[in-house]
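Worksheet: the structure to be examined is printed underneath.
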Amino acid sequence: MKLLYVKASHFKNAKNDFEISLVAKSKKTAEDREYELLEIAEDLFVYNTLAFVGKNASGKTTAVELLDCCYSILGEFRLEGKHYKYDNVELDMIFFHEGYLYRYMTVLQPDHTLSNKAVFTQQHIYRKKYYKTKIKTIFDENDFTELDGFGELPDDTSKVFFVLKEKTTRAIYFDSFGENTDTYSILFKTMKNYKIPEGIFLNILRIFDENVKTIEKIDDHNYKLRYQNEIKNVSDQELVYILSSGTTKGVLLYVLMAASLMNGFDLIVDEIENHFHKTLVENMISLYKDKGVNKNKATLIFSTHYCEVLDLFNRRDNIWIAKADSQVYLSNMYDDYEIRTELLKSRQFYNNAFQTAVNYEELMNMKRKLMMTQKFCQS
């Protein structure tokens with residue numbers, strides 16, 4: 001199963017008909033097929049990396065949370081525990097599964113009990129056989145045939161269940177802020193559920209802190225830590241303090257990355273550079289582009305302020321520019337901009353080709369006001 005397209009209305013602060021396509025649009029060179037794209041069916045290519053860039057409050061988080069919303073429905077057939085409202089959210093998504101393209105439409109409503117979960121209303125599922133000769137019209141609505149005759153389900157369970165049948169992880173969403181003392185509990189649970197070898201875990205530990213030799217779980221709140229040449233039992237609070245929050249979050253993210261690459265599900269990361277060195281981000285991107293590592297066709301989807309990492313992308317159609325006026329919206333770098341392909345993408349960002357530059361005038365205004373305030377205080 002692979003998500004190909006989503007359109008939403010009334011989702012958070014996004015404009016209506018907020019669209020994201022995960023299918024390659026522009027020309028597919030031999031180099032792109034090797035390093036940039038994943039072929040999930042004959043001539044049907046999605047990206048191994050997909051990025052959302054933009055200023056603060058431009059809508060990057062809205063975009064990745066919409067994808068997380070869709071993957072939750074496709075993986076768990078439910079939506080619960082999200083921090084946004086479900087009122088009248090219209091979803092229209094297309095996904096590929098076992099030779100067919102499926103289109104699923106629904107209108108979400110909040111559950112009227114105290115539970116924080118969505119109710120699925122006005123559900124429709126359509127299907128058509130995938131043919132490579134019709135690749136240019138895969139999203140054409142007229143080719144789909146509606147499926148019916150489904151059984152009854154609780155109203156908090158999506159009818160996608162009747163297509164995909166079994167719950168499984170389609171994607172994991174990492175918001176870069178960690179879970180504090182719960183992080184290591186989540187980390188060890190992840191390693192167990194997705195069968196991460198101990199050797200990989202130890203490698204990841206040493207990437208972030210060379211002084212850490214091993215960490216072993218004693219129970220949900222206590223661990224055996226070998227740090228430098230000392231072995232001691234520590235609580236989860238002590239462990240976060242000893243290793244720093246940056247190391248803790250980095251180790252969890254890299255373990256999730258290993259799980260994604262080994263099991264073939266997608267990884268969604270909001271603000272991928274948050275607390276991490278740029279080299280670590282570049283390494284993640286390179287691993288998803290390496291078919292020797294990414295054998296199970298996982299995709300890394302992320303938002304970022306580090307426009308330099310986009311220079312690792314050969315393509316432009318897998319880069320979305322997030323912007324906001326009264327509501328947030330997306331533009332695609334390939335579809336919506338006339339840009340010089342020979343220039344680095346980071347150079348074009350710094351030249352404000354996408355109108356994403358920091359407001360330097362306001363920065364200078366703040367500086368002048370601070371200077372005036374200090375002068376007034378001194379007098």
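Note that the coordinates shown come from a computational prediction; the quantities given were computed from them, not determined experimentally.
- Atom CD1 in I272 sits 10.5 Å away from atom CD in E282 (nearest 0.5 Å).
- Checked by atom type and distance alone, the side chain of D155 never pairs as donor or acceptor with a backbone atom of V119 at under 3.5 Å.
- With S260 contributing its side chain and F265 its backbone, the two residues share a donor-acceptor pair below 3.5 Å.
- In terms of hydrophobic clustering, with Ile, Leu, Val, Met, Phe, Trp and Tyr side chains grouped at heavy-atom distances under 4.5 Å, I301 and L4 are assigned to different clusters.
- At least one donor-acceptor pair under 3.5 Å links the side chain of S158 to the backbone N or O of V160.
- Put simply, the side chain of T106 reaches to within 4.5 Å of the side chain of F120, judged on heavy atoms.
- The aromatic ring centroids of Y5 and F95 lie 6.0 Å or more from each other.
- Using a 30° and 60° split on the angle between ring planes, H97 and Y102 fall in the tilted class, from 30° to 60°.
- Hydrophobic clustering keeps V269 apart from V6 (ILVMFWY residues linked when any side-chain heavy atoms are closer than 4.5 Å, directly or through intermediates).
- You'll find the side chain of N318 reaches within 4.5 Å of the side chain of F313, heavy atoms only.
- Put simply, the side chain of N16 reaches to within 4.5 Å of the side chain of H10, judged on heavy atoms.
- The main-chain N or O of D140 is never found under 3.5 Å from a side-chain atom of T137 such that the two would form a donor-acceptor pair.
- K249 forms no cation-pi arrangement with Y254, by the criterion of a distance under 6.0 Å to the ring centre and an angle within 45° of the ring axis.
- Side chains of I231 and K224 form a contact here, defined as non-hydrogen atoms less than 4.5 Å apart.
- Counting non-hydrogen atoms of other residues, nucleotides and ligands closer than 6.0 Å to NZ of K25 gives a total above 12.
- Taking hydrophobic clusters as Ile, Leu, Val, Met, Phe, Trp and Tyr residues chained together by side-chain heavy-atom distances below 4.5 Å, L22 does not share a cluster with L44.
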Step by step, would you call T29 with D32 a side-chain hydrogen bond (donor to acceptor under 3.5 Å, both in side chains)? CA-CA 5 Å; T29 66; D32 287 342; 3.2 Å; yes
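- Contact record, S185 with D220: CB-O, 4.2 Å, taken as the closest heavy-atom pair.
- No donor-acceptor distance shorter than 3.5 angstrom exists from the side chain of Y227 to the backbone of I242, with no hydrogens or angles considered.
- Judged purely by atom type and a 3.5 angstrom limit, Y104 has no side-chain atom pairing as donor or acceptor with the backbone of Q123.
- A single hydrophobic cluster is seen to contain both Y288 and L252, as judged by linkage of ILVMFWY side chains at heavy-atom distances under 4.5 Å, directly or through other members.
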Trace of the side-chain hydrogen bond (donor to acceptor under 3.5 Å, both in side chains) decision for E271 with H305: CA-CA 7 Å; E271 297 189 7; H305 296 96; 4.6 Å; no
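- Summarising the geometry of T299 relative to T49, their closest heavy-atom pair is CG2-N, 4.3 Å, with the distance given to 0.1 Å.
- By the 30° and 60° cut-offs, the orientation of the rings of F144 relative to Y126 is perpendicular.
- Between the side chain of E39 and the backbone N or O of D43, at least one donor-acceptor pair lies under 3.5 Å.
- The distance from the CG atom of L108 to the CG atom of D156 is 12.0 Å, given to the nearest 0.5 Å.
- One distance of note links CD1 of I319 with CG of N332; it measures 8.5 Å at 0.5 Å rounding.
- From L243, atom CG reaches atom CD of E238 across 11.5 Å, with rounding to the nearest 0.5 Å.
- Applying the side-chain contact (heavy atoms from CB on, under 4.5 Å) test between M105 and each of D92, L91, I94 identifies D92 as the sole match.
- No hydrogens or angles considered: nothing links the side chains of T169 and Y71 as a donor-acceptor pair under 3.5 Å.
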Assess the residue pair K15 and D325 against the criterion (salt bridge (Lys or Arg N to Asp or Glu O under 4.0 Å)); give the C-alpha distance rounded to whole Å, side-chain angles, the decisive distance to 0.1 Å, and a yes or no. CA-CA 10 Å; K15 286 189 174 182; D325 41 38; 3.3 Å; yes
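- The environment of E198 atom CD is sparse: at most 12 non-hydrogen atoms of other residues, nucleotides or ligands sit within 6.0 angstrom.
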Test side-chain hydrogen bond (donor to acceptor under 3.5 Å, both in side chains) on N88 and Q109 and set out the steps. CA-CA 6 Å; N88 297 311; Q109 299 293 348; 2.6 Å; yes
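- In this structure the side chain of L67 reaches within 4.5 angstrom of the side chain of I20, judged on heavy atoms.
- Judged purely by atom type and a 3.5 angstrom limit, K128 uses its side chain to pair as donor or acceptor with the backbone of I138.
- Of the candidates K289, R316, R315, K291, K289 is the only one forming a salt bridge (Lys or Arg N to Asp or Glu O under 4.0 Å) with E36.
- Between the side chain of S9 and the backbone N or O of D17, at least one donor-acceptor pair lies under 3.5 Å.
- More than 12 heavy atoms of other residues, nucleotides or ligands shown are found within 6.0 angstrom of NZ on K129.
- V212 has its side chain within reach of D209: a pair of non-hydrogen atoms, C-beta onward, lies under 4.5 Å apart.
- Atoms CD and CG, on E216 and N233 in that order, are 9.5 Å from each other to the nearest 0.5 Å.
- Between Y84 and Y86, the ring planes are perpendicular. Angles over 60° get that label, and only those under 30° would be called parallel.
- Rounding to the nearest 0.5 angstrom, the gap separating the CG atom in L300 from the CG atom in L50 is 9.0 Å.
- Side-chain atoms of T62 and N13 form a donor-acceptor pair, as typed in the model, at a separation below 3.5 Å.
- Judged by distance alone, the side chain of K60 and the main-chain N or O of F302 form no donor-acceptor pair under 3.5 Å.
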Verdict with supporting geometry, H83 and N116, side-chain hydrogen bond (donor to acceptor under 3.5 Å, both in side chains): CA-CA 9 Å; H83 64 82; N116 179 18; over 6 Å; no
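- Crowding of F139 atom CZ: a count of heavy atoms from other residues, nucleotides or ligands under 6.0 Å exceeding 12.
- Within 6.0 Å of atom CG in N229, 12 or fewer heavy atoms from other residues, nucleotides or ligands are found, so the atom counts as exposed in its surroundings.
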Could you go step by step and tell me if R78 and E76 meet the salt bridge (Lys or Arg N to Asp or Glu O under 4.0 Å) rule? CA-CA 5 Å; R78 304 181 73 183; E76 299 293 324; over 6 Å; no
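- In this structure, H221 and S235 have side chains that are not in contact, with every pair of non-hydrogen atoms separated by 4.5 Å or more.
- A cation-pi arrangement is absent between K217 and Y223 under the rule of less than 6.0 angstrom and at most 45 degrees off the ring axis.
- E210 CD: 12 or fewer foreign heavy atoms inside a 6.0 Å radius.
- Cluster annotation: L37 is not connected to I135 through the hydrophobic network of ILVMFWY side chains, with a link wherever side-chain heavy atoms come within less than 4.5 Å.
- The side-chain tip of R127 points at the ring of Y100 from less than 6.0 angstrom away and within 45° of straight on.
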